[in-house]
**Student:** 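Pasting in a structure now, in structure tokens, and then I'll have a few things to ask.
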Amino acid sequence: MNVIENIQVGERYKVQPRHFHRTFIGNVKSVEGSTIVFEVENYDLVDQEKVDESRLVTVDISDVKYSMKNNYFFS
């Protein structure tokens, strides 16, 4: 279990909810205690039935893997 402190609204995180097969990347829309609402930005097609048109998914803080803020791309 990977718990992240200080989840920030508007920041991007990689998330692995228990009911999803794969991780997704999303922006935090709201935080209420240990419940976080994400707007899904990128997800695997195997989970397409779990993401509706609003692209909002509610998860527990324990489902958040890490912040995408410090990820770098090298080519």
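We're numbering straight along the sequence, starting at 1. Atom set for the values below is all heavy atoms of this structure, side chains included, hydrogens, waters and symmetry mates excluded.
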**Student:** Measure the CG-OG1 distance between Asp63 and Thr23 for me, rounded to the nearest 0.5 Å.
**Tutor:**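 With rounding to 0.5 Å, CG (Asp63) is 12.0 Å from OG1 (Thr23).
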**Student:** If you look at every heavy atom in Val28 and Gln8, which pair is closest and at what distance?
**Tutor:**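 Looking at all heavy atoms of both residues, the closest pair is CB-O, 3.4 Å.
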**Student:** Taking Asn27 as the fixed residue, which of Arg12, Arg55, Glu41 is the one that meets the side chain to side chain donor-acceptor pair (under 3.5 Å) rule?
**Tutor:**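 For Asn27, the side chain to side chain donor-acceptor pair (under 3.5 Å) check succeeds only for Glu41.
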**Student:** Would Ile61 and Val59 show up in the same hydrophobic cluster when neighbours are defined by side-chain heavy atoms closer than 4.5 Å?
**Tutor:**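 Yes.
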**Student:** Got a second to check how far Lys14's NZ is from Lys65's NZ, nearest 0.5 Å?
**Tutor:**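 Answer for the NZ-NZ pair, Lys14 versus Lys65, is 11.0 Å.
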**Student:** Between CD1 of Ile36 and OG of Ser62, what distance do you get to the nearest 0.5 Å?
**Tutor:**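 Taking CD1 in Ile36 and OG in Ser62, the distance rounds to 9.0 Å.
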**Student:** Rounded to the nearest 0.5 Å, what separates atom CZ in Arg22 from atom CG in Asn42?
**Tutor:**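 So the CZ of Arg22 and the CG of Asn42 are separated by 13.0 Å.
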**Student:** Is any side-chain heavy atom of Val15 less than 4.5 Å from a side-chain heavy atom of Phe38?
**Tutor:**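 They are in side-chain contact.
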**Student:** Under a single-linkage definition using a 4.5 Å side-chain heavy-atom cutoff for Ile, Leu, Val, Met, Phe, Trp and Tyr, are Val37 and Val51 assigned to the same hydrophobic cluster?
**Tutor:**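 In one cluster: no.
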**Student:** What is the distance from atom NE2 of His21 to atom OH of Tyr43, rounded to the nearest 0.5 Å?
**Tutor:**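 One finds 13.5 Å between NE2 of His21 and OH of Tyr43.
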**Student:** Membership question, hydrophobic clusters at under 4.5 Å side-chain separation (ILVMFWY): are Val40 and Leu56 in the same one?
**Tutor:**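 No; tracing contacts between hydrophobic side chains, which count when under 4.5 Å, never links both residues.
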**Student:** Is there a side-chain contact between Phe20 and Asp44, using heavy atoms and a 4.5 Å cut-off?
**Tutor:**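 Phe20 does not reach Asp44 side chain to side chain.
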**Student:** Shortest non-hydrogen contact from Ser67 to Tyr13?
**Tutor:**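 So the two residues come closest at CA-CD2, 3.5 Å.
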